[in-house]
Amino acid sequence: MDSDATQPTLVFIYDREVTEKDSADGRILTCRQFARERGWAVAGQWVDRGSNAVALRRTFWTGMVAAMEHEGQGRRIVCLVANWHRIAFDEAARNTLRQTVGHVGGVCVAVSDEQASGNSRDVTMRRLRASGKQIGPGATLVRHDGATA
């Protein structure tokens with residue numbers, strides 16, 4: 001299998017629709033454009049809706065993390081969201097969910113954070129690499145060790 005240095009970062013887009021009037025379509029398009037600008041490959045998109053979107057155990061979040069674990073073998077994997085509230089409004093819940101991504105070797109990235117700071121693709125990649133442990137040439141293991149509920 002090729003190392004993550006020869007393959008583009010694999011992106012798993014996540015969003016949630018908390019109310020009937022809430023639509024993830026625009027936010028997902030923003031995430032797709034963000035990934036395209038960085039040369040990242042989009043594996044798919046997952047959207048939790050309604051009461052499932054506010055629970056800590058979410059059907060599509062769980063499915064996305066399972067797909068990350070399965071598809072991300074030997075690759076840099078990213079859960080991409082438009083902003084941190086797309087994961088959860090509550091910081092402790094958000095950290096708990098982000099940690100599940102970290103457990104499978106992934107990292108969460110919010111488009112709003114990257115755009116607000118004017119980060120280029122190179123700056124974003126350096127930040128991703130710096131947040132993990134170098135395990136080989138071109139391979140970085142990224143873990144989220146933030147606080148949990």
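In this chain, residues are counted from 1 in sequence order.
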Peer 1: Does the side chain of Arg27 reach to within under 4.5 Å of the side chain of Leu29, using non-hydrogen atoms?
Peer 2: no
Peer 1: Measure the shortest side-chain to side-chain distance between Leu10 and Trp40 over non-hydrogen atoms and say whether it is less than 4.5 angstrom.
Peer 2: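 Counting from C-beta outward, Leu10 and Trp40 never come under 4.5 Å.
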Peer 1: Compare all side-chain heavy atoms of Arg49 with those of Glu20 and state whether any distance is below 4.5 angstrom.
Peer 2: no
Peer 1: Roughly how far apart are Glu71 CD and Met64 CE, rounded to 0.5 Å?
Peer 2: 13.5 Å
Peer 1: Do Gln45 and Asp15 come close enough that some side-chain heavy atom pair is under 4.5 Å?
Peer 2: no
Peer 1: Apply side-chain contact (heavy atoms from CB on, under 4.5 Å) to Met68 and Val78, showing your working.
Peer 2: CA-CA 8 Å; Met68 291 176 92; Val78 170; 5.8 Å; no
Peer 1: Can you find a heavy atom in the side chain of Val54 that is under 4.5 Å from one in the side chain of Val18?
Peer 2: yes
Peer 1: Whether the Asp113 and Trp84 side chains hold a donor-acceptor pair (N or O, under 3.5 Å, no angle test) is what I'd like checked.
Peer 2: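 Side chains of Asp113 and Trp84: pair found under 3.5 Å.
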Peer 1: Starting at CZ of Arg16, measure out to CZ of Arg58 and round the result to the nearest 0.5 Å.
Peer 2: 5.0 Å
Peer 1: For Asp48, is there an ion pair with Arg86 - N to carboxylate O distance below 4.0 angstrom?
Peer 2: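 Salt bridge between Arg86 and Asp48, a charged N being under 4.0 Å from a carboxylate O: no.
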Peer 1: Please assess Ile87 against Cys108 for the test side-chain contact (heavy atoms from CB on, under 4.5 Å), listing each intermediate value before the final yes or no.
Peer 2: CA-CA 10 Å; Ile87 297 175; Cys108 293; 4.2 Å; yes
Peer 1: Relative to Phe12, does Arg32 satisfy both conditions: NZ or CZ under 6.0 angstrom from the six-membered ring centre, and within 45 degrees of the ring's axis?
Peer 2: no
Peer 1: Do you know the tightest heavy-atom contact between Glu17 and Asp22?
Peer 2: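 Smallest interatomic distance, heavy atoms only, reads CA-OD2, 3.3 Å.
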Peer 1: Could you tell me whether the side chain of Ile28 reaches within less than 4.5 Å of the side chain of Tyr14, counting heavy atoms only?
Peer 2: no
Peer 1: Which heavy-atom pair separates Cys31 from Val111 by the least distance, and what is that distance?
Peer 2: SG-CG2, 4.0 Å
Peer 1: For a 4.5 angstrom cut-off between non-hydrogen side-chain atoms, does Val107 reach Cys79?
Peer 2: no
Peer 1: Once you round to the nearest 0.5 Å, how far does CZ of Arg57 lie from OG1 of Thr96?
Peer 2: 11.5 Å
Peer 1: Taking Phe89 as the starting point, is it possible to reach Leu97 by hopping between hydrophobic residues whose side chains are less than 4.5 Å apart?
Peer 2: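 They do not share one cluster, since no chain of ILVMFWY contacts under 4.5 Å joins Leu97 to Phe89.
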Peer 1: Within 45° of the ring axis of Phe34 and under 6.0 Å from its six-membered ring centre, is that where the NZ or CZ of Arg38 lies?
Peer 2: yes
Peer 1: Please find the pair of heavy atoms, one from Arg94 and one from Ala88, that lie closest to each other, and give the distance.
Peer 2: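 Answer, listing the atom of Arg94 first, then Ala88: NH1-O, 2.5 Å.
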Peer 1: Quick one, Arg76 with Gln7, criterion side-chain contact (heavy atoms from CB on, under 4.5 Å). Give me CA distance, side-chain angles, the key distance, then yes/no.
Peer 2: CA-CA 8 Å; Arg76 182 172 288 114; Gln7 296 183 27; over 6 Å; no
Peer 1: Apply side-chain contact (heavy atoms from CB on, under 4.5 Å) to residues Val65 and Val101 and explain how you reach the verdict.
Peer 2: CA-CA 6 Å; Val65 171; Val101 169; 4.1 Å; yes
